[in-house]
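Each remark here refers to the structure printed beneath this line.
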Amino acid sequence: VQLQASGGGLVQPGGSLRLSCAASIRIFSINKMGWYRQAPGKQRELVAGITSGGITNYADSVKDRFSISRDNAKNAVYLQMNSLQPEDTAVYYCNTVPGVWNWGLGTLVTVSS
């Protein structure tokens with residue numbers, strides 16, 4: 001299974017980005033997909049998850065700023081990130097919850113003025 005995350009980049013504090021994740025297999029039967037991130041010197045953490053039925057959950061640090069969605073027809077998962085702050089700087093990955101597939105390279109998000 002391959003997961004290709006994209007959409008990262010450099011953004012100023014307060015800005016927005018939309019991350020996309022394309023899976024090489026059909027995800028409609030996967031109970032829960034999620035977005036994770038790993039900041040320099042820190043462990044990877046789950047920031048948002050979404051079930052096959054569309055139920056979402058978020059880490060407290062991103063609640064009310066990030067929004068996760070999935071398109072089973074396109075085998076894709078998305079993360080809309082608003083009001084980005086420097087502490088959101090990290091490499092972002094998508095995977096199942098818990099993460100069982102290869103993590104891939106992720107996509108780097110840098111929030112800086």
Side-chain angles (χ1 to χ4, degrees):
V1 176
Q2 290 186 337
L3 298 165
Q4 185 169 355
S6 62
L10 174 63
V11 62
Q12 292 186 340
S16 298
L17 283 174
R18 185 176 187 247
L19 305 184
S20 299
C21 174
S24 62
I25 65 169
R26 302 185 72 170
I27 66 168
F28 73 94
S29 63
I30 304 300
N31 180 51
K32 193 168 186 179
M33 296 292 297
W35 280 96
Y36 300 75
R37 69 185 180 188
Q38 186 167 19
K42 295 187 177 181
Q43 290 189 331
R44 186 180 290 132
E45 63 172 341
L46 176 67
V47 296
I50 183 168
T51 69
S52 56
I55 297 172
T56 59
N57 66 283
Y58 300 91
D60 288 343
S61 59
V62 307
K63 200 172 294 183
D64 299 325
R65 299 188 298 122
F66 289 11
S67 178
I68 187 172
S69 60
R70 64 192 283 174
D71 186 335
N72 291 333
K74 296 183 178 179
N75 300 317
V77 185
Y78 306 98
L79 186 68
Q80 177 66 42
M81 306 186 296
N82 299 325
S83 301
L84 283 162
Q85 299 301 317
E87 52 265 33
D88 296 316
T89 295
V91 178
Y92 285 72
Y93 306 85
C94 67
N95 210 319
T96 55
V97 180
V100 298
W101 294 341
N102 187 297
W103 288 95
L105 297 177
T107 187
L108 176 62
V109 172
T110 303
V111 185
S112 175
S113 55

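Just so you know, residue 1 is the first one in the sequence shown, and it goes up from there. In this text the structure is predicted, and so the values were computed from the model without any measurement.
Aromatic pair W103/Y36: ring centres closer than 6.0 Å.
In the hydrophobic clustering of ILVMFWY residues, with side-chain heavy atoms under 4.5 Å counting as a link, V77 and F66 come out together. Residues L19 and V91 do not share a hydrophobic cluster, defined by chaining ILVMFWY side chains whose heavy atoms lie under 4.5 Å apart. There is no path of hydrophobic side-chain contacts, each under 4.5 Å, that joins I68 to Y93. L46 and V100 are members of different hydrophobic clusters when ILVMFWY side chains are connected at heavy-atom separations under 4.5 Å.
Across all non-hydrogen atoms, the minimal contact from A23 to L3 is CB-CD2, 3.8 Å. Heavy-atom minimum distance, S16 versus N82: OG-OD1, 3.0 Å. Of all the heavy atoms in W35 and C21, the pair that sits closest is CZ2-CB, 3.5 Å.
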Inset, instruction - Determine, stepwise, if the pair S20 / K74 fulfils side chain to side chain contact (heavy atoms under 4.5 Å, CB included). - result: CA-CA 11 Å; S20 299; K74 296 183 178 179; over 6 Å; no

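A distance-only check finds a donor-acceptor pair linking the side chain of Q85 to the backbone of S83 [under 3.5 Å]. Using a distance-only test at 3.5 Å, with no hydrogens or angles considered, a donor-acceptor pair links the side chain of N75 to the main chain of I27. N95 contributes a side-chain N or O that, together with a main-chain N or O of W101, makes up a donor-acceptor pair within less than 3.5 Å.
The side chain to side chain contact (heavy atoms under 4.5 Å, CB included) test with P86 is passed by exactly one of S113, S112, P13: P13. Under the side chain to side chain contact (heavy atoms under 4.5 Å, CB included) test applied with L84, the options T110, V11, T89, V62 reduce to a single match, V11.
Annotation: the span from T51 atom OG1 to K32 atom NZ amounts to 7.5 Å, rounded to 0.5 Å. Rounding to the nearest 0.5 Å gives a distance of 14.0 Å between CZ of R70 and CG of L79. Residue L108 holds its CG atom at 12.0 Å from CD of Q38, rounded to the nearest 0.5 Å.
Side-chain contact check for M33 versus N72: every heavy-atom pair is 4.5 Å or farther apart. Proximity of D88 to M81: side-chain heavy atoms (C-beta onward) are nowhere separated by under 4.5 Å. Side-chain contact check for Y78 versus S67: every heavy-atom pair is 4.5 Å or farther apart.
Other residues, nucleotides and ligands place more than 12 heavy atoms under 6.0 Å from the CD atom of Q80. Dense packing is recorded around CG of L10, with more than 12 heavy atoms of other residues, nucleotides or ligands lying under 6.0 Å away.
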